[in-house]
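Notes to accompany the following structure.
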Amino acid sequence: MRMVDIIEKKRDGEALTSEEIRFFVSGYARGEIPDYQAAALLMAIYFQGMNERETSDLTEAIVASGETVDLSEIEGVKVDKHSTGGVGDKTSLIVGPLVAAAGIPIAKMSGRGLGHTGGTIDKLESIPGFHVELSREAFLDHVNRYKIAIIGHSQNLTPADKKLYALRDVTGTVASVPLIASSIMSKKLASGADVIVLDVKVGSGAFMKTLDDAKRLAEVMVGIGKSLGRRTIAILSDMDEPLGREVGNANEVREAIDILKGKGDARLTELCLTIATQMTLAAGVYAHEKEARDRLTDLIVSGRALETLKTFVQAQGGDPAVIDDPGRLPSAAHSIAVRAERDGFVQAIDAESVGLAAMMLGAGRKTKDDVIDHGVGVSIEKKVGDAVKAGETLAVLHSRTETAADAYEKLKNAYRIGDEKAAAKPIVYEVIQ
């Protein structure tokens, strides 16, 4: 088998066989296929696409390139969730403890963020003492004992994906549905969960800008999961404005605590309850959607979900006192208000611009070697649909410096204020399974 023949075959729009896909993935992972040939095939896939069987084969080959996690020692149906990323997305910090409080084991591997803000791991590390490195034995024990543990991705999982993503990033081939889907699903499948719930974002702050594109990606990922024996559910959710009212790391932890206290942003709460409902239904804990949502709401109202968060934080070395007193979390020295220049209604908030403003402050990484500042970020005071008066605060920059001109301009320009109230958008568009 020759790599050049595989490249030419896909270039001409033909479907690759399972053997050809395995040959490519395993050979590239071992360093036997050079970057220039791998890049050529990725570009051919970018233009010609892959059918459902090819995409599943690609995912399976990426999984086979490294180790897989055996969760069989954990009792019960293991459910994992994944978000395709967005601005202010702290859903894992809320949904994880909430679903664990319902008795469902959450054995989650998460990554660090590259872009607007930190990933779930970065946000958790803003809690003093919290550590994400656990031995395999400790990881499994924590899930059996506390129903939840979240650790960093093992370097031994899906090594082919790491190489392929790095190459896609520098060859203009990131925006390919089969390549995106196989990258996401390979990590989820290698992580060992029985059920996978995907939160697929759509809008200005998401990778997928249109509902049609997001739905196509969701359907492909659900198809991959089913073909490889995992129940997979996708939720299409709005990311045209930041999720919730906080963007950053420590401030997103504060907001997650508020939601689990039964307070906070209604749209964020609705999304988290939708995700958690699908997770509990898939695990077989509840039989009907209304029952699941009512019981999950009770777990918040009773304080059991918040107590599960506190136990989880303490078990992984974090200071549990931050749950009762979020003021113990890192914070920035300066708060800079961005004010409305006219009366009217907030018609739009460009989520991507808000995320970039947070990154300029140090809440995210431009490169993987950048160091996250857990205390900086953005607080959204006025959301889409809100009435504003000239001089009222729209949002606040939390900065280490007294002035943050670039971030200020970026955040100010994220807001569009007009004379008419914008129509409300749903936070959840569709559930695909």
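Counting only distance, with no hydrogens or angles, the side chain of Lys187 and the backbone of Ser183 share a donor-acceptor pair below 3.5 Å. At distances below 3.5 Å, at least one donor-acceptor pair connects side-chain atoms of Tyr415 with backbone N or O atoms of Leu394. Distance alone, capped at 3.5 Å, is enough to place a donor-acceptor pair between the His374 side chain and the Asp122 backbone. In this structure, the side chain of Arg245 engages the main chain of Glu381 through a donor-acceptor pair within 3.5 Å. Judged by distance alone, with hydrogens and angles left aside, the side-chain atoms of Thr91 form no donor-acceptor pair with the main-chain N or O of Asp89 at under 3.5 Å. Lys425 contributes no side-chain N or O that, together with a main-chain N or O of Ala423, makes up a donor-acceptor pair within less than 3.5 Å. No donor-acceptor pair under 3.5 Å is formed between the side chain of Ser65 and the backbone N or O of Ala29. Of the possible donor and acceptor atoms, none in the side chain of Ser379 sits under 3.5 Å from a partner among the backbone N and O of Val396. Of the possible polar contacts, none joining the Arg342 side chain to the Ala390 backbone as a donor-acceptor pair under 3.5 Å is found. The backbone N or O of Ile372 sits nowhere less than 3.5 Å from a side-chain atom of Arg365 that would complete a donor-acceptor pair.
For the pairing with Ser110, the side chain to side chain contact (heavy atoms under 4.5 Å, CB included) check across Leu124, Ile121, Ile151 returns one residue only, Ile121.
At a threshold of 4.0 Å, the pair Asp199-Lys81 does not count as salt-bridged, since none of the basic side-chain nitrogens sits closer than that to a carboxylate oxygen. Asp35 and Lys163 are not joined by a salt bridge, as no carboxylate oxygen comes within less than 4.0 angstrom of a charged side-chain nitrogen. Between Arg339 and Glu392 there is no salt bridge, since no side-chain N of the basic residue sits under 4.0 Å from a carboxylate O of the acidic one.
For Lys412, the salt bridge (charged side-chain N to carboxylate O under 4.0 Å, His left out) partners are Glu341, Glu409, not counting sequence neighbours.
Pairs engaging residues 127-137 under the side-chain hydrogen bond (donor to acceptor under 3.5 Å, both in side chains) rule: Glu73-Arg136 [sequence neighbours left out].
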Check against side chain to side chain contact (heavy atoms under 4.5 Å, CB included), Tyr408 and Val338
CA-CA 7 Å; Tyr408 182 92; Val338 174; 3.6 Å; yes

Under the side chain to side chain contact (heavy atoms under 4.5 Å, CB included) rule, what do Lys123 and Asn249 come out as? Steps first, then yes or no, please.
CA-CA 5 Å; Lys123 299 183 205 310; Asn249 293 282; 3.6 Å; yes

For Asp319 and Arg328, what are the C-alpha separation, side-chain angles and deciding distance, and is it a salt bridge (charged side-chain N to carboxylate O under 4.0 Å, His left out)?
CA-CA 9 Å; Asp319 178 6; Arg328 298 169 70 97; 2.9 Å; yes

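Interatomic distance, Leu296 CG to Met279 CE, rounded to the nearest 0.5 Å: 10.0 Å. If you take CG on Leu179 and OH on Tyr165, they are separated by 11.0 Å, rounding to the nearest 0.5 Å.
Side-chain atoms of Ser237 and Val202, non-hydrogen and from C-beta on, never get closer than 4.5 Å to each other.
In plain terms, the two heavy atoms of Ala100 and Thr308 that are nearest each other are CB-CG2, 3.9 Å. Residues Gly96 and Ile106 approach most closely at O-CG1, 3.8 Å, considering heavy atoms. In plain terms, the two heavy atoms of Ile21 and Glu54 that are nearest each other are CD1-O, 3.6 Å. Closest approach of Leu236 to Ala214, counting heavy atoms only: CD2-O, 3.7 Å. Taking every heavy atom of both residues into account, Gly248 and Ala363 meet most closely at CA-CB, 4.1 Å. For the residue pair Ala414 and Ser353, the shortest heavy atom distance occurs at CB-CB, 3.7 Å.
At least one test fails for Lys201 against the ring of Phe207: distance under 6.0 Å to the centre or angle within 45° of the axis.
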